[in-house]
Protein chains: 2
Amino acid sequence: MGKRDVLEREQREAFRDYLARKRLKMTPQRMRILDAFLASEGHLSSEDLYHRVREVDNTVGQATVYRTLKLLSDSGIAKEVDFAEGVARYEHGFHDEHHDHLICQRCRATVEVADERIERLQEDLAAKHGYRLTGHSMCLYGICPRCRAKE
Amino acid sequence: MGKRDVLEREQREAFRDYLARKRLKMTPQRMRILDAFLASEGHLSSEDLYHRVREVDNTVGQATVYRTLKLLSDSGIAKEVDFAEGVARYEHGFHDEHHDHLICQRCRATVEVADERIERLQEDLAAKHGYRLTGHSMCLYGICPRCRAKE
DNA sequence: GTACTTGCAAACGCTTTGCACTCTC
DNA sequence: GAGAGTGCAAAGCGTTTGCAAGTAC
């Protein structure tokens with residue numbers, strides 16, 4: 001069994017626990033939405049996820065996907081990210097490390113990046129103004145190598 | 001005459017030029033919207049600006065404010081900023097230096113911050129992945145000193 | 001059996017657009 | 001006077017919500 005399968009199983013377990021704790025129910029719809037989410041990579045919109053779920057079960061409604069994504073967010077399995085496009089996107093939330101995003105303005109190709117020095121400077125910056133930092137969002141926009149080659 | 005007045009005059013000039021170049025027209029509505037924008041500080045939503053303009057002239061429509069804000073953006077007088085609230089906000093665009101934002105999660109108090117070292121590290125990060133950096137948005141979220149004192 | 005969930009469609013909030021009328025250049 | 005700009009209301013978009021019927025526990 002691959003590492004991926006183990007991870008997926010853990011996530012399913014975590015979601016079950018979360019639902020139980022909140023006295024909510026596991027339903028076939030939530031199951032399928034979770035599965036589709038776990039099987040995905042990158043940064044899906046609710047719409048994206050809806051279409052993937054639909055391939056498996058074309059009775060699931062959009063509203064259920066929206067509602068379930070909220071639950072996945074709350075439980076920490078998914079994490080909402082905002083690329084200033086006017087749609088909410090979600091990435092896997094169990095990534096142990098924080099990261100930011102480097103996004104191609106042409107083709108939307110996205111790289112996850114992390115730099116500890118930047119994080120530290122951000123802390124300093126907040127502290128300098130007396131703020132206690134609780135989080136941040138950083139998106140770098142540019143042109144990816146592939147698109148640059150086409151220029 | 002204060003420095004502020006000079007700046008405002010320059011901005012009005014710049015907008016006139018922009019309109020002329022694009023073969024667009026200066027109208028009383030655009031004038032009033034520009035004036036309200038220049039007289040403001042911080043990060044206004046279209047709604048905010050609409051209300052301020054309305055205090056001067058209650059015949060101006062929301063659509064005109066939206067349309068004019070787009071023009072102000074295009075002309076560089078305003079700059080759109082996204083604080084992930086679901087509303088577009090605009091700040092003065094003639095600030096000579098780039099800056100990012102530090103936002104209080106409780107009261108929304110916003111500080112403009114800049115750190116050259118972070119900028120440089122961002123460039124490095126993009127370059128490391130072969131991207132040519134064209135821009136970025138960085139929002140730091142935290143609790144401001146005033147709100148911390150109330151805890 | 002009792003909540004909680006569902007799909008649907010209607011409502012939502014912000015923004016854009018089609019239109020007939022008005023105004024600037 | 002030709003082309004742009006206006007206010008209004010309607011439409012558009014992603015998202016949320018009210019509801020009656022259905023389902024997990």
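Values below: every heavy atom of this structure, side chains too, minus hydrogens, waters and symmetry copies. Lettering follows sequence order; numbering is per chain, from 1.
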Discussion item. Please check: side-chain N/O of A/R30 versus main-chain N/O of A/K25, any donor-acceptor pairing under 3.5 Å?
Written reply: yes
Can you tell me the distance, in whole Å, between the [atom1] atom of [X] and the [atom2] atom of [N]?
X     : N      : atom1 : atom2 : answer
B/Y50 : C/dG13 : OH    : P     : 16 Å
A/M31 : C/dC4  : CE    : C1'   : 17 Å
B/K22 : D/dG5  : NZ    : P     : 11 Å
B/R30 : C/dT22 : CZ    : C1'   : 14 Å
B/L19 : C/dC25 : CG    : P     : 9 Å
B/Y18 : D/dG5  : OH    : P     : 10 Å
A/D48 : D/dT15 : CG    : C1'   : 15 Å
B/Q29 : D/dC8  : CD    : P     : 11 Å

For [X], which residues count as a salt bridge (Lys or Arg N to Asp or Glu O under 4.0 Å) partner, sequence neighbours excluded?
X      : answer
B/R120 : B/E116
B/E13  : none
B/E85  : B/R89, B/R108
B/R117 : B/D115

Practice prompt. Summarise protein proximity over nucleotides 15-20 of chain C in one line of letters, 5' to 3': B for base, S for sugar-phosphate only, - for none, counting protein heavy atoms closer than 4.0 Å.
Written response: BBBB--
Practice prompt. Summarise how protein sits on nucleotides 20-25 of chain D as a single string, 5' to 3': B when a protein heavy atom is under 4.0 Å from the base, S for sugar-phosphate-only contact, - for no contact.
Written response: ----BS
Discussion item. If the test is side chain to side chain donor-acceptor pair (under 3.5 Å), which one of B/E47, B/R52, B/R54 qualifies with B/Y50?
Written reply: B/R54
Worksheet item: How would you list all residue pairs meeting side chain to side chain donor-acceptor pair (under 3.5 Å) that involve residues 32-42 of chain A, not counting sequence neighbours?
Response: A/R4-A/E41, A/R12-A/D35, A/R32-A/D57
Worksheet, complete the sentence: The complete set of side chain to side chain donor-acceptor pair (under 3.5 Å) pairs with one or both residues in residues 68-83 of chain A, sequence neighbours excluded, reads none
Distance-only donor-acceptor pairs under 3.5 Å for side chains of residues 132-142 of chain A, two or more places apart:
| from | atom 1 | to | atom 2 | distance (Å) |
| --- | --- | --- | --- | --- |
| A/R132 | NH2 | B/E151 | OE2 | 3.3 |
| A/T134 | OG1 | B/Q105 | OE1 | 3.0 |
| A/T134 | OG1 | B/Y141 | O | 3.0 |
| A/H136 | ND1 | A/Q122 | OE1 | 3.2 |
| A/H136 | NE2 | A/H98 | NE2 | 3.0 |
| A/H136 | NE2 | A/D100 | OD1 | 3.2 |
| A/H136 | NE2 | A/D100 | OD2 | 3.3 |
| A/Y141 | OH | A/F83 | O | 3.4 |

Discussion item. Given C/dT6, D/dC8, D/dT6, identify the nucleotide with an atom nearest to the side chain of B/R54.
Written reply: D/dC8
Worksheet item: For DNA chain C, which residues in residues 72-81 of chain B have a heavy atom at a distance below 4.0 Å?
Response: none
Discussion item. Checking one residue: B/V56. Which other hydrophobic residues are in its cluster under the side-chain 4.5 Å linking rule?
Written reply: none
Item to complete: List for me each residue that meets side chain to side chain contact (heavy atoms under 4.5 Å, CB included) alongside B/E112, sequence neighbours excluded, and say none if there are none.
Response: B/H43, B/E91, B/H95, B/H99, B/H101
